[in-house]
2 protein chains.
Amino acid sequence: MTEQPPPDKSGAEPGAASPAKAAKARTAAETRQLILETALRLFRERGYEGTTMRGIAAEAGVSLGNAYYYFKSKEHLIQAYYGRSHDEHLAACVEALESERDLKRRLLAVCRTKIETARPYHRFAGQLFKTAADPASPLSPFSAESMPVRREATELMAVVVEGSATRVPGELSGELPNLLWLYLMAIILFWIHDDSLGCARTYKLIDRTVEIIVRLINLSSLTLMRPLVRGALELTSELRQLSTPEAR
Amino acid sequence: MTEQPPPDKSGAEPGAASPAKAAKARTAAETRQLILETALRLFRERGYEGTTMRGIAAEAGVSLGNAYYYFKSKEHLIQAYYGRSHDEHLAACVEALESERDLKRRLLAVCRTKIETARPYHRFAGQLFKTAADPASPLSPFSAESMPVRREATELMAVVVEGSATRVPGELSGELPNLLWLYLMAIILFWIHDDSLGCARTYKLIDRTVEIIVRLINLSSLTLMRPLVRGALELTSELRQLSTPEAR
DNA sequence: GTCTATAACCGGATAGAC
DNA sequence: GTCTATCCGGTTATAGAC
């Protein structure tokens with residue numbers, strides 16, 4: 001969700017208790033915020049690799065060590081980006097979801113707004129993906145640390161389906177949001193590699209695949225498709241059961 | 001970390017039984033090979049990040065500078081891994097492809113052997129993927145530099161299909177190898193994240209999805225499925241046309 | 001053309017003083 | 001909470017030996 005500054009020990013809400021504060025003083029939350037904003041700006045301007053921790057610190061007017069005091073590593077700055085990106089996405093597609101009942105158009109709106117809101121970070125996202133792709137990294141969308149954002153995003157897909165006029169067969173409806181989230185991840189993966197003008201290819205891909213997905217959902221209640229759907233659903237449940245040998 | 005004792009300068013190759021060869025002599029190719037083998041071994045033993053260029057040089061008994069003389073960067077060592085990995089895969093599945101006509105079993109064999117041959121490098125592959133995921137990286141499977149390996153792998157999928165007893169509808173047959181290559185990439189992506197015992201989940205995923213894919217191929221000639229297949233194929237061709245604004 | 005040795009640069013990360 | 005000093009490893013540069 002929105003960036004919550006974790007360590008607030010002073011207990012003083014901004015502007016609440018102390019008007020007597022010296023002009024130059026900064027609360028911890030403010031410093032943290034300052035560093036984060038600076039980092040995100042530099043990421044946009046220079047890309048992920050082009051931005052150094054030293055650069056962030058210098059630009060924000062704090063020391064290198066101080067930056068590391070608030071963010072354990074360069075990667076941890078990215079978690080903040082995740083949260084913000086999701087918030088922006090949510091804000092951008094909530095209107096469409098309130099006014100639209102057609103499943104295809106709902107799904108289209110959600111996918112398109114995701115790409116639109118992420119656009120300023122296109123280059124950054126490419127390099128970012130580099131570290132996010134490492135399964136061991138807490139930044140992996142599949143990691144335990146990413147669970148909160150992931151749950152929210154999946155929940156959004158549930159809203160897309162449930163708020164639509166389409167009736168989804170019972171056996172499929174439980175799994176569908178997860179599958180749609182996975183689909184959106186795939187779209188993002190494509191987008192990251194998309195250097196076409198205005199990301200035209202990604203939009204084309206979205207238009208076409210949403211079409212196909214909705215058609216498949218409609219076909220899924222057909223007897224002919226039963227074994228196929230059944231097989232796919234069994235797979236997802238089996239994969240969940242074959243879970244990791246030792247708990248992390 | 002323990003300090004590595006300085007490289008042995010005595011000149012005696014350990015266990016060098018070669019009669020004529022001057023003890024210290026080594027051809028350029030041999031040195032290159034030595035460095036590469038050492039690197040791949042250390043990658044296996046310590047992972048990608050856990051292996052330092054200094055460590056490779058020390059273990060191979062050459063200087064750091066020499067290692068950089070043969071491999072422009074740490075990443076360039078990876079290209080060598082790609083090539084070798086594909087060769088091993090080819091060798092491992094050629095037998096099955098010669099003796100088996102059933103499409104499902106052919107595809108199964110190819111996917112399974114891919115995972116099996118890559119297994120010693122599981123951890124390495126995860127970290128490796130980190131740099132390969134960057135679209136700008138020459139190591140990306142979609143990059144121009146990776147084209148040769150990619151073409152070979154796609155060609156392998158063409159063999160899988162063409163050597164099978166299954167008749168694929170003409171409009172689909174041209175695109176199918178590309179789609180199957182993409183499918184294998186997805187499997188690998190899953191495998192990288194798979195920490196289940198013996199990668200059981202990956203094998204389960206392969207079994208199930210190959211089943212589904214083959215069933216879809218068989219269904220694809222049905223009139224009912226026509227618009228769906230047609231739509232998907234139009235998409236791939238459109239994506240190719242909307243190519244990059246400037247040639248690389 | 002092959003190779004060694006060494007010093008240096010750069011940037012992520014940490015330690016410990018204030 | 002904030003700083004300075006330092007470590008560590010990828011990478012580059014250089015100078016010279018065979």
> Between D:dC3 atom P and A:Arg54 atom CZ, what is the distance in whole Å?
Replying inline: 15 Å

>> Please report the distance, rounded to the nearest Å, between OH in B:Tyr48 and C1' in D:dG9.
In response: 12 Å

>> Evaluate A:Val110 against A:Leu156 for side-chain contact (heavy atoms from CB on, under 4.5 Å), listing each step before the verdict.
In response: CA-CA 9 Å; A:Val110 167; A:Leu156 177 59; 4.2 Å; yes

> Taking the side chain from A:His89 and the backbone from A:Ala153, do they hold a donor-acceptor pair closer than 3.5 Å?
Replying inline: no

> Which nucleotide in the list C:dT4, D:dT12, C:dA13 gets nearest to the side chain of B:Leu64?
Replying inline: D:dT12

>> Tell me whether the rings of B:Tyr121 and B:Tyr81 are parallel (<30°), tilted (30 to 60°) or perpendicular (>60°).
In response: tilted

>> Please determine whether side-chain contact (heavy atoms from CB on, under 4.5 Å) holds for the pair B:Asp207 and B:Arg112, giving the CA-CA distance in whole Å, both sets of side-chain angles, and the decisive distance to 0.1 Å.
In response: CA-CA 9 Å; B:Asp207 291 353; B:Arg112 282 193 187 136; 2.9 Å; yes

>> Is A:Tyr70 close enough to D:dT2 that one of its side-chain N or O atoms is under 4.0 Å from OP1 or OP2 there?
In response: yes

>> I want to verify a distance call: between D:dC3, C:dA13, D:dG10, whose nearest atom is closest to the B:Met53 side chain?
In response: D:dG10

> Does a side-chain N or O from A:Thr31 land closer than 4.0 Å to OP1 or OP2 of D:dT2, or not?
Replying inline: yes

>> Only Watson-Crick and G-U wobble pairs with both distances less than 3.5 Å should count. Give DNA chain D in dot-bracket notation, marking inter-strand partners with |.
In response: |||||||||||||||||.

>> With side-chain contact (heavy atoms from CB on, under 4.5 Å) as the test, pick out the partner of A:Ile35 among A:Tyr69, A:Tyr70, A:Tyr68.
In response: A:Tyr70

>> Is the phosphate of C:dT4 approached by B:Asn66 (side-chain N or O, under 4.0 Å from OP1 or OP2)?
In response: yes

> When you check the phosphate oxygens OP1 and OP2 of C:dT2, does a side-chain N or O of B:Tyr69 lie under 4.0 Å from one of them?
Replying inline: yes

> Rounded to the nearest Å, what distance is computed from the CD1 atom of residue B:Ile78 to the C1' atom of nucleotide D:dG10?
Replying inline: 13 Å

> Rounded to whole angstrom units, what separation is found between the CD atom of B:Glu30 and the C1' atom of C:dT2?
Replying inline: 13 Å

>> Can you tell me which nucleotide in D:dT2, D:dG9, C:dG12 comes closest to the side chain of A:Lys74?
In response: C:dG12

>> Without decimals, in angstroms, what is the distance between B:Tyr68 OH and D:dA15 P?
In response: 21 Å

>> Distance check needed: C:dA13 C1' versus B:Glu49 CD, whole Å only.
In response: 14 Å

>> Using the side-chain heavy atoms of A:Ala28, tell me which of these nucleotides is nearest: D:dG1, D:dT11, C:dT14.
In response: D:dG1

>> Need one value for A:Thr52: base, sugar-phosphate or nothing, where a base atom within 4.0 Å counts as base even if backbone is also close, heavy atoms only.
In response: sugar-phosphate

> Going by the angle between their ring planes, with limits at 30° and 60°, are B:Phe43 and B:Tyr48 parallel, tilted or perpendicular?
Replying inline: tilted

>> Rounded to whole Å, please give me the gap between CD1 in B:Ile35 and P in C:dT2.
In response: 12 Å

> For A:Leu179 and A:Met157, what are the C-alpha separation, side-chain angles and deciding distance, and is it a side-chain contact (heavy atoms from CB on, under 4.5 Å)?
Replying inline: CA-CA 9 Å; A:Leu179 293 174; A:Met157 286 305 188; over 6 Å; no

